[in-house]
Every structure is written in C-alpha cells, then in structure tokens.
Asker: 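My questions will all concern the structure given below.
Side chains are part of it too, since the values below use all heavy atoms of this structure and drop only hydrogens, waters and symmetry mates. Numbered from 1 within each chain, the chains take letters A, B, ... in sequence-line order.
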Protein chains: 2
Amino acid sequence: MGTKERRKREIEEMRLEIIEAAVQLFVTDGYENVSMRKIAQQIDYSATAIYKYFANKEEILIHLLKHGYAIFLTCLKEGVANCKSSHPGERLNALLYAYIDFGLKHPEYYRLIFVENLHQLQKVMTEEDDRVRGFVLLTEMVMAAMNEGVLKKHDAHMAAQSLWASLHGITSLLITFPDFHWHEKEGFIDFQVNAMIKGLT
Amino acid sequence: MGTKERRKREIEEMRLEIIEAAVQLFVTDGYENVSMRKIAQQIDYSATAIYKYFANKEEILIHLLKHGYAIFLTCLKEGVANCKSSHPGERLNALLYAYIDFGLKHPEYYRLIFVENLHQLQKVMTEEDDRVRGFVLLTEMVMAAMNEGVLKKHDAHMAAQSLWASLHGITSLLITFPDFHWHEKEGFIDFQVNAMIKGLT
DNA sequence: TTATTTTTGTTAACACTGTTAATCTATATT
DNA sequence: AATATAGATTAACAGTGTTAACAAAAATAA
C-alpha cells in the first residue's frame with residue numbers, strides 16, 4: 001500500500017508550505033521579522049507544529065539561504081550568458097558585473113547570505129553540483145582569462161579570492177551603507193571593476 | 001553649593017560604569033550576549049535602573065561603536081606613524097595595511113562597526129574632529145599620492161571609495177568566513193593590497 | 001473490525017529579550 | 001520639619017525560540 005509514500009509526500013508539502021511562508025515574510029518584512037510564531041500564523045498552524053517538520057529555526061534559515069543562493073547562481077549564469085562575446089576577458093567582466101547586480105537587485109538576500117550568514121555557506125552548498133558553485137565559476141573564468149593573456153599569470157585561486165573580496169566590498173558597502181555620499185553608482189561600479197581587472201593585469 | 005555639580009559627576013560616573021560593563025561583556029562574550037539584564041547584573045543594579053542613564057539599548061550600542069571607532073582611528077594613525085618613509089605611496093600603503101590589521105586584531109569591533117552597524121556610523125562620528133575621520137584620512141592620502149604621481153589622477157574621492165571597498169571586502173571576508181580555504185593570509189593580503197594600488201596606477 | 005501503537009497538532013510553560021508603569025525610598029529644596 | 005524631586009526596585013507586557021504534557025487522528029496489529 002502506498003500510504004507510506006503519500007505521507008512522505010504530505011510531509012514534503014508541509015515543509016514546502018512552511019518555507020514558502022518564511023520566504024514571503026522574509027522578502028516583505030525582512031529577516032529580523034521572521035519568527036516561528038509569525039510563520040505559523042501565516043499557514044494557520046500553531047508555532048510548535050513547525051518543530052515536527054524542522055528541528056529549529058536555523059534549519060528554516062538554511063532553506064532561505066539555499067533559496068537565495070539559487071537566485072544568486074541564476075543571476076551569475078544569466079549575466080555571463082547575456083554576454084555575446086566569447087572573449088574570456090569580456091566574459092569575466094560580465095561575471096563581475098552580474099555579482100554586483102545580484103546584490104543591488106536582491107539586497108535582502110545578499111545581506112542574508114554574504115553579510116550575516118557567510119559561515120553557513122558550506123551547509124547551503126553541500127548538495128549543489130560542484131561545477132555551478134559561485135567561487136568555482138569565478139576561478140574557472142579567471143583561469144581562462146589568464147590562459148588568453150587577459151590577466152597576468154598569478155595563482156588563479158588567489159586572484160579569484162582577490163576579485164571576490166573586492167566585489168564583496170563594493171556590493172556590501174553599497175547595500176549596508178546606502179546613505180553614504182557615494183560617487184554616482186554606475187560610474188563607481190565601472191571604476192571599481194576596471195581597477196580590479198587592471199590590478200591583475 | 002556644588003551639590004548639583006557633584007550629582008552631574010555622579011551621573012557621568014554611573015554612565016561610565018554601565019558602558020564599561022557593556023564593553024567587558026562585549027569583548028568576552030560577543031555582542032549577541034550583551035543584554036540589559038546582564039549589564040545590570042555586572043554592576044549590581046536592577047535592569048531598569050539603566051534606563052535612568054540611557055534611553056535604550058541602542059544608546060549603549062552607540063557607545064560601544066564609539067569605543068571601537070576610537071581604537072580603529074588609533075590603529076590607522078599608528079600604522080602610518082610607524083611608516084618611516086615620507087613618500088606618499090609608502091604612507092598610503094601603510095594605511096591600507098593598518099586598516100586590515102585593525103580588522104584582524106579586533107574582529108569583534110570590526111564586525112560590530114563595519115558589518116553590523118555601518119548605518120549608524122554618522123551617529124558615531126558626529127562629535128569627532130573632521131580631520132581624523134577614517135575616510136577623510138584615506139582621501140587625503142590618496143590625494144597626496146596622486147599629486148606625487150604615485151597614483152593616476154582620477155577623482156580622488158572615487159579612488160578612495162574604491163580602496164575602502166576593496167579593503168572592507170578582504171577584511172570582512174577573512175573575519176566572517178575564517179573557515180574558507182583562503183590562500184595563506186599574509187600572502188593574500190599582500191596580493192590584494194598590491195592589486196588595489198596597481199588598479200589605480 | 002477492533003485494539004493498540006504511532007504520529008500530528010495543540011496548549012501551557014520555561015527562560016530569555018527590551019521596555020514601561022507603579023511604587024517605595026532616599027535625597028534635595030522650601 | 002514638611003514637601004517635592006530624583007533614584008532604584010519590583011511587577012508586568014509583549015515579544016522571542018523551544019520543550020513538555022497531552023489530546024486527537026491516523027496507521028498498524030490482532
């Protein structure tokens with residue numbers, strides 16, 4: 001009898017309902033306003049019912065992070081795909097812009113993943129295919145750019161880490177300190193990306 | 001009669017006692033474990049007594065931030081002072097290293113100021129002398145380096161913002177993601193600082 | 001089908017959090 | 001000495017994540 005299968009599916013449906021409610025609360029009210037009681041209220045259950053489907057709030061956070069990280073990877077891949085050129089330098093450039101764009105388009109997710117919960121990133125990515133993980137993507141494109149002579153031949157891993165650092169710097173500062181007297185945004189981003197590339201040339 | 005003066009001093013002493021307790025809790029247990037009740041316990045008062053001296057917890061946080069920011073500025077100034085050379089390029093270099101060093105030596109403070117509460121920075125600095133504020137210091141040294149031909153003559157403000165972004169990137173990533181497979185720290189920092197400078201040359 | 005066991009959800013409760021109101025006490029002013 | 005003011009305390013409110021005890025419903029065994 002498939003009763004066991006059905007229950008398994010029902011449990012998965014309930015888990016989905018819970019994280020959907022959590023996502024909705026997160027995008028509308030921000031993470032600081034996602035409480036177990038509010039999630040429960042949204043799906044007409046008691047707060048403690050959730051604990052039959054998730055061990056604790058952290059498990060729900062992990063799902064929010066996975067959700068956001070999937071959007072992140074999509075943005076990166078789209079950004080590179082939208083780059084017509086097949087030149088490694090151009091494609092790397094497109095990736096760098098795509099990273100910053102993700103942050104500016106999804107500031108709550110960027111904050112949640114890269115500012116507040118970076119130490120959890122391992123847990124978020126364990127089930128992902130290695131080849132689509134963000135940093136691997138970046139490293140591969142750095143290597144390609146080096147092989148084509150666009151970048152000077154350093155240690156590709158270190159160069160990629162340096163690029164990530166600079167990308168994270170401008171993205172997180174623009175997001176977490178919007179009231180600072182920043183230079184006009186587009187121009188500032190262009191300047192930073194150019195400086196980053198030039199620094200490795 | 002100086003009774004009014006004495007009370008004023010006593011109030012200031014009590015405020016000091018409170019923020020000292022808060023600082024101590026912060027450096028030993030981390031900010032997430034600084035609660036009003038724990039501060040009160042440490043100085044043998046009831047939790048609500050604090051509210052006669054501080055409007056709310058945020059006011060105490062501001063003092064923690066000021067405390068940390070003072071250490072930050074001291075580190076920057078010491079870093080530059082310890083640089084024997086009078087060459088603007090060398091001095092700028094020393095400032096960049098001093099910034100990262102502050103983050104690595106005082107990760108809790110770096111996190112509190114530049115990761116979690118950057119939006120409060122205005123409140124932290126309002127009473128400071130303009131000329132010692134961190135970003136102004138950086139901008140001035142960038143200008144000096146430009147005038148000496150060490151850096152290419154861009155908009156100095158934008159160049160300084162770009163440097164800050166890259167500094168914040170590497171510092172915050174090293175702090176908030178210590179378990180990542182970073183390149184050997186010293187070498188990575190050297191690489192990043194060199195790339196930053198080269199990017200603006 | 002009936003009896004038993006397991007699972008699912010609810011309410012009550014615990015130990016916290018920041019903060020406000022009411023109250024008592026010690027000091028200062030008239 | 002009587003009154004007003006300021007200081008400190010306890011009780012309480014509205015939250016938080018989470019655990020325990022218990023009722024109802026569903027799955028399994030007889």
Side-chain angles (χ1 to χ4, degrees), chain A residues 1-26 28-65 112 116-117 119-120 123, chain B residues 1-26 28-65 112 116-117 119-120 123:
Chain A
M1 56 190 80
T3 170
K4 218 176 228 169
E5 294 299 317
R6 196 202 61 204
R7 280 237 45 74
K8 216 171 174 183
R9 201 180 58 237
E10 278 176 0
I11 286 175
E12 211 46 53
E13 275 169 13
M14 178 69 167
R15 284 172 63 94
L16 210 83
E17 207 176 338
I18 291 169
I19 74 131
E20 268 173 6
V23 167
Q24 194 183 322
L25 278 170
F26 167 69
T28 59
D29 305 349
Y31 183 74
E32 75 274 10
N33 289 103
V34 179
S35 79
M36 297 301 260
R37 284 171 176 84
K38 281 184 189 165
I39 295 171
Q41 190 180 311
Q42 193 117 83
I43 57 173
D44 285 313
Y45 277 84
S46 72
T48 54
I50 298 176
Y51 287 85
K52 285 270 142 65
Y53 300 91
F54 294 95
N56 47 39
K57 197 187 175 185
E58 191 184 320
E59 273 197 7
I60 294 173
L61 169 65
I62 299 292
H63 277 264
L64 284 182
L65 291 172
L112 198 71
E116 305 290 346
N117 296 96
H119 60 284
Q120 307 259 32
K123 291 182 196 168
Chain B
M1 51 192 87
T3 169
K4 220 176 227 169
E5 294 298 318
R6 196 201 60 203
R7 283 238 45 77
K8 215 172 177 180
R9 202 181 58 236
E10 280 175 358
I11 286 176
E12 210 47 51
E13 276 169 12
M14 179 69 167
R15 284 173 61 95
L16 210 82
E17 207 174 339
I18 291 168
I19 73 132
E20 267 173 7
V23 166
Q24 194 184 321
L25 279 171
F26 166 69
T28 59
D29 305 349
Y31 183 72
E32 74 275 9
N33 290 102
V34 179
S35 78
M36 299 300 262
R37 283 172 176 84
K38 281 183 187 165
I39 296 171
Q41 190 180 310
Q42 193 117 83
I43 58 174
D44 286 313
Y45 277 84
S46 70
T48 53
I50 298 175
Y51 288 85
K52 286 270 143 65
Y53 301 90
F54 294 95
N56 47 40
K57 197 188 175 185
E58 191 183 321
E59 273 196 8
I60 293 174
L61 168 64
I62 299 291
H63 277 264
L64 284 183
L65 291 171
L112 198 71
E116 305 290 347
N117 297 97
H119 59 285
Q120 307 258 32
K123 292 181 194 167

Asker: Rounded to whole angstroms, how far apart are CD on A:E17 and P on C:dG9?
Answerer: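 Going from A:E17 (CD) to C:dG9 (P), I get 10 Å.
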Asker: Distance from B:N117 atom CG to B:K123 atom NZ, nearest 0.5 Å?
Answerer: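 Here the rounded value is 10.0 Å.
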Asker: Would you find a donor on one side and an acceptor on the other, under 3.5 Å apart, between the side chain of A:Q42 and the backbone of A:K38?
Answerer: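 Looks like no, no N/O pair under 3.5 Å.
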Asker: Going by side-chain contact (heavy atoms from CB on, under 4.5 Å), name the residues that satisfy it together with A:E12, two or more places apart in sequence or in a different chain.
Answerer: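 A:E12 satisfies side-chain contact (heavy atoms from CB on, under 4.5 Å) with A:R15 only.
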Asker: Expressed in angstrom and rounded to an integer, what is the separation of A:F54 atom CZ from D:dT18 atom C1'?
Answerer: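 Between C1' of D:dT18 and CZ of A:F54: 16 Å.
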Asker: Whole angstrom is fine here: how far is it from CD in A:E10 over to P in D:dA25?
Answerer: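 So the two atoms are 15 Å apart, to the nearest Å.
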Asker: If I take atom CG in residue B:D29 and atom P in nucleotide C:dT17, what distance separates them, rounded to the nearest angstrom?
Answerer: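 It works out to 12 Å between those atoms.
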Asker: Rounded to whole angstroms, how far apart are CD1 on A:I50 and C1' on C:dT8?
Answerer: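 It is 14 Å, rounded to the nearest whole Å.
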Asker: Enter the distance from B:I19:CD1 to B:L61:CG here, rounded to the nearest 0.5 Å.
Answerer: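 So the gap between those two atoms works out to 12.0 Å.
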Asker: Does the Lys NZ or Arg CZ of B:K57 fall within the cation-pi geometry relative to B:Y31 - under 6.0 Å from the ring centre and within 45° of the axis?
Answerer: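 The answer is yes; both the distance and angle limits are met.
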Asker: Take nucleotides 7-17 of chain D nucleotide by nucleotide from the 5' end and write B, S or -, depending on whether a protein heavy atom sits under 4.0 Å from the base, only from the sugar-phosphate, or from neither.
Answerer: BBBBBB---BB
Asker: May I have the distance from B:L61 (atom CG) to C:dT17 (atom C1'), rounded to whole angstrom?
Answerer: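 Those two atoms, CG and C1', are 16 Å apart.
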Asker: Working to the nearest 0.5 Å, report the span between CD of B:E13 and CD of B:E17.
Answerer: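 It is 8.5 Å, given to the nearest 0.5 Å.
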Asker: Rounded to the Å, how far apart are A:K8 NZ and C:dT7 C1'?
Answerer: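 In whole Å, C:dT7 C1' lies 16 Å from A:K8 NZ.
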